[in-house]
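Read the numbers this way: they start at 1 and go in the same order the structure lists the ligands and their atoms.
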Amino acid sequence: MRYLPAVVCLAGLATAFPFIAKQPGIQNTHLLLRQQSGSGPGSAATCPFNPNHQDAIPVSDEYPYNSAINGSAGKGIGGYLVPAPGDPDHQFIAPTDQDIRGPCPGLNAAANYGFLSRDGITTYSELTDAVQNVYNMGYDLAQFLALISIIVADGDIITKKVSIGCDATTRTASPLSISGSEPGLDGHNKFEGDVSLTRDDFFLANGDDFDFNGTLFGMMAEVTGGTFDLEGLGTYRYQRYVQSREENPEMFFGPLGLFQYGAAAFVYELMPSGADNYVPTLENTASFFGAEQQPNGTWTHVPERIPANWTNRISPFTLLDVVGQISAMYGAHPVGIGGNVDGAFVGLDFPPYIEGGNLTAATPADYACFLYQLISGPIPSSLNSVITPLVEALEFVLVEVGGETFTNLGCPVPLTR
Ligand code: HEM
Ligand SMILES: *[C@@H]1O[C@H](CO)[C@@H](O)[C@H](O)[C@H]1NC(C)=O
Ligand SMILES: *[C@@H]1O[C@H](CO)[C@@H](O)[C@H](O)[C@H]1NC(C)=O
Ligand SMILES: *[C@@H]1O[C@H](CO)[C@@H](O)[C@H](O)[C@H]1NC(C)=O
Ligand SMILES: *[C@@H]1O[C@H](CO)[C@@H](O)[C@H](O)[C@H]1NC(C)=O
Ligand SMILES: *[C@@H]1O[C@H](CO)[C@@H](O)[C@H](O)[C@H]1NC(C)=O
């Protein structure tokens, strides 16, 4: 059952960055054209179905990892082996053709070890627990990403479920859910976007914006010289941006494109192993991406694996840490924020954060406030009387997430009551 169109419309307000729809040249229709259709890659019609969904098994007293359980804050102390030797519940099992995987190598790997539900239908709690227990991601960043993946992007704010890949609305939505379809993390121009490291642009691959592309992985390894460091990945991301802008007539690099820099930072911040003194290596990175090199040098895909003897990072990687990396990586090669429209690049305006396609953010705090504004700003307080569960769910998470970090940074907290 779905609510009335009026409600759907309001829900759209809360999720679709209304300012984009007001840009001259970039109409809603442009954005809609750039999203998944009802069939084809990523759609419900082609999405794997596992009739035997099982929730992820939580960490235990015997194998505590960071003791992150039920969506709460874990200890935030890493430097341990993952999976824990002997832990029967979190060993590698390759996904079957009934299991969903998507554009995020970090989450695909977590699902392959049962830190997320192995069928790829996961929840807010599983996400925040998994990234803390496996990667020692900070609780604030864990909540922020889980929140975005569910409300802004691709999941269901009532059930707090999301598919880590294709559209599995029948399994993520509840009868009370207000969004029409829930595309999962594959959903284009929501969280997933153009100019990814190893995934094709949506338009260039008939909507397959989530499968691993070995040519791109090879380019990333070559451009970074196998170091996968800030400088190398910044250069690679810049080349990918230029490539997309030239090759993809439907290229759209909106404000959430900034997250792509964060994802790139995860490669050298979250994936390296204590066994390698936390220096990224080709072998280690390839394992997480599920990249396997053939004798002729090309890269093909195998299930993502946590490398043998992998020891996670010692201090938690926080929201402020990641915006610091986004700021440094984007700042090294600033690029226009906007999209190709009828053969020309149109820059967005979102004052004071984006002017004429130029990002005005300078400090990490600027970036943090901008990202916070993006996900929380579009929630009009007028929704309160209309869709109470929506606003309450949003408030719950935003206040929890925003509570300390963002007010400490001096961000205007946009929630109104
Ligand atoms: C709740 C946590 C997370 C969420 C919701 C999430 C979501 C996503 C999404 C939607 C993408 C696709 C972006 C795009 O390319 O268009 C992505 C990409 C990526 N994520 Fe995650 N992610 C999470 C945690 C992690 C972690 C813990 C790691 C690393 C250990 C990671 C590493 C990456 C990398 C490297 C990419 C880029 C892949 C590529 O472009 O080839 N992510 N993530
Ligand atoms: C987690 O939630 C479950 C179910 O609500 C509950 O039984 C369990 O005690 C909780 N565990 C912790 C550590 O909060
Ligand atoms: C992989 O990426 C390369 C470089 O962008 C592109 O030419 C190729 O068509 C892509 N391959 C697939 C299978 O999508
Ligand atoms: C390289 O080897 C793989 C696996 O054997 C094969 O599928 C692919 O076509 C080869 N590519 C080239 C360019 O020779
Ligand atoms: C992992 O550690 C064990 C024990 O220290 C060692 O025997 C093994 O060679 C290591 N494996 C890898 C791939 O480093
Ligand atoms: C950004 O600012 C520069 C001038 O500094 C201008 O040339 C450019 O067109 C602006 N917009 C974009 C999208 O780069």
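For atom 1 (C) of ligand 3, the nearest protein heavy atom (residue, atom name, distance) is N213 ND2, 1.5 Å. Of the protein's heavy atoms, D200 OD2, 2.4 Å lies nearest to atom 14 (O) of ligand 3.
When F288, F266, F317 are ranked by how near their heavy atoms come to atom 29 (C) of ligand 1, first place goes to F266. Among P272, P103, G102, the residue whose heavy atom sits closest to atom 12 (C) of ligand 1 is P103.
Of the N and O atoms on the side chains of S244 and D201, at least one donor lies less than 3.5 Å from an acceptor on the other residue. A side-chain donor-acceptor contact under 3.5 Å links T300 and Q294. Residues N284 and S287 have side chains that never bring a donor and an acceptor to within less than 3.5 angstrom of each other. Side-chain polar atoms of R245 and Y241 form a donor-acceptor pair below 3.5 angstrom.
Atoms of ligand 3 found under 4.0 Å from any heavy atom of L216, numbered from 1 in the order shown, are 2 (O), 4 (C), 5 (O). The distance from ligand 1 to the heavy atoms of M137 drops below 4.0 Å at these ligand atoms: 27 (C). Atoms of ligand 6 found under 4.0 Å from any heavy atom of N358, numbered from 1 in the order shown, are 1 (C), 2 (O), 3 (C), 8 (C), 10 (C), 11 (N), 12 (C), 14 (O). Ligand 6 places these atoms under 4.0 Å from at least one heavy atom of G356: 10 (C), 11 (N), 12 (C), 13 (C). Residue-ligand proximity, V267 to ligand 1, at heavy-atom distances under 4.0 Å covers atoms 35 (C). Near T198, meaning under 4.0 Å from one of its heavy atoms, ligand 1 places the atoms 39 (C), 40 (O), 41 (O). Listed by number with element, the atoms of ligand 6 under 4.0 angstrom from any heavy atom of G336 are 13 (C). Taking every non-hydrogen atom of S196 and a distance limit under 4.0 Å, the qualifying atoms of ligand 1 come out as 14 (C), 15 (O), 16 (O), 40 (O).
Put simply, atom 5 (O) of ligand 6 has no protein non-hydrogen atoms near it, under 4.0 Å away. Closer than 4.0 Å to atom 12 (C) of ligand 6 lies at least one heavy atom of the protein. Distance check for atom 9 (O) of ligand 6: every protein heavy atom is found at 4.0 Å or beyond.
At under 3.5 Å, not a single nitrogen or oxygen of E247, backbone or side chain, sits near a nitrogen or oxygen of ligand 3. Residue G193 has at least one N or O atom closer than 3.5 Å to an N or O atom of ligand 1. Taking only nitrogen or oxygen atoms, main chain and side chain alike, R240 does not reach within less than 3.5 Å of ligand 3. Geometrically, ligand 1 and L197 share a nitrogen or oxygen pair separated by less than 3.5 Å. Residue contacts with ligand 1: S149 is placed with no nitrogen or oxygen under 3.5 Å of a nitrogen or oxygen of the ligand (distance criterion only). Any N or O atom pair closer than 3.5 Å counts here, and Y135 shares no such pair with ligand 1.
Only the side chain of L270 comes within contact range of ligand 1, with a heavy atom under 4.0 Å; no backbone atom does. Contacts of D209 with ligand 1, taken as heavy-atom pairs under 4.0 Å, are absent altogether. Contact annotation for L204 and ligand 3: no heavy atom of the residue comes within less than 4.0 Å of the ligand.
Residue contacts with ligand 1: F289 is included, with a non-hydrogen atom under 4.0 Å away. At least one heavy atom of Q243 lies less than 4.0 angstrom from ligand 3. Heavy-atom separations between G338 and ligand 6 are all 4.0 Å or longer.
Heavy-atom contacts from other residues, nucleotides or ligands closer than 6.0 Å to CG of N206 number 12 or fewer. In the displayed structure, E283 atom CD is contacted under 6.0 Å by at most 12 heavy atoms of other residues, nucleotides or ligands. Within a 6.0 Å sphere centred on CD of E222, heavy atoms belonging to other residues, nucleotides or ligands number 12 at most. Environment of CD in E355: crowded, with over 12 heavy atoms of neighbouring residues, nucleotides or ligands closer than 6.0 Å.
For Y135 and F317, the ring centers are positioned 6.0 Å apart or more. Between H90 and F115, the ring centre distance stays below 6.0 Å. The distance between the ring centers of Y268 and F228 does not fall below 6.0 angstrom.
R101 contributes no side-chain N or O that, together with a main-chain N or O of P95, makes up a donor-acceptor pair within less than 3.5 Å. Checked by atom type and distance alone, the side chain of T198 never pairs as donor or acceptor with a backbone atom of N213 at under 3.5 Å.
Atom-to-atom distance recorded for D211:CG and H301:NE2 is 8.0 Å, nearest 0.5 angstrom.
Using bins of under 30°, 30° to 60° and over 60° for the plane-to-plane angle, the ring pair F259/F144 lands in the tilted bin.
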Trace of the ring-ring contact (aromatic ring centres under 6.0 Å, His included) decision for W299 with F289:
CA-CA 11 Å; W299 295 90; F289 273 85; over 10 Å; no
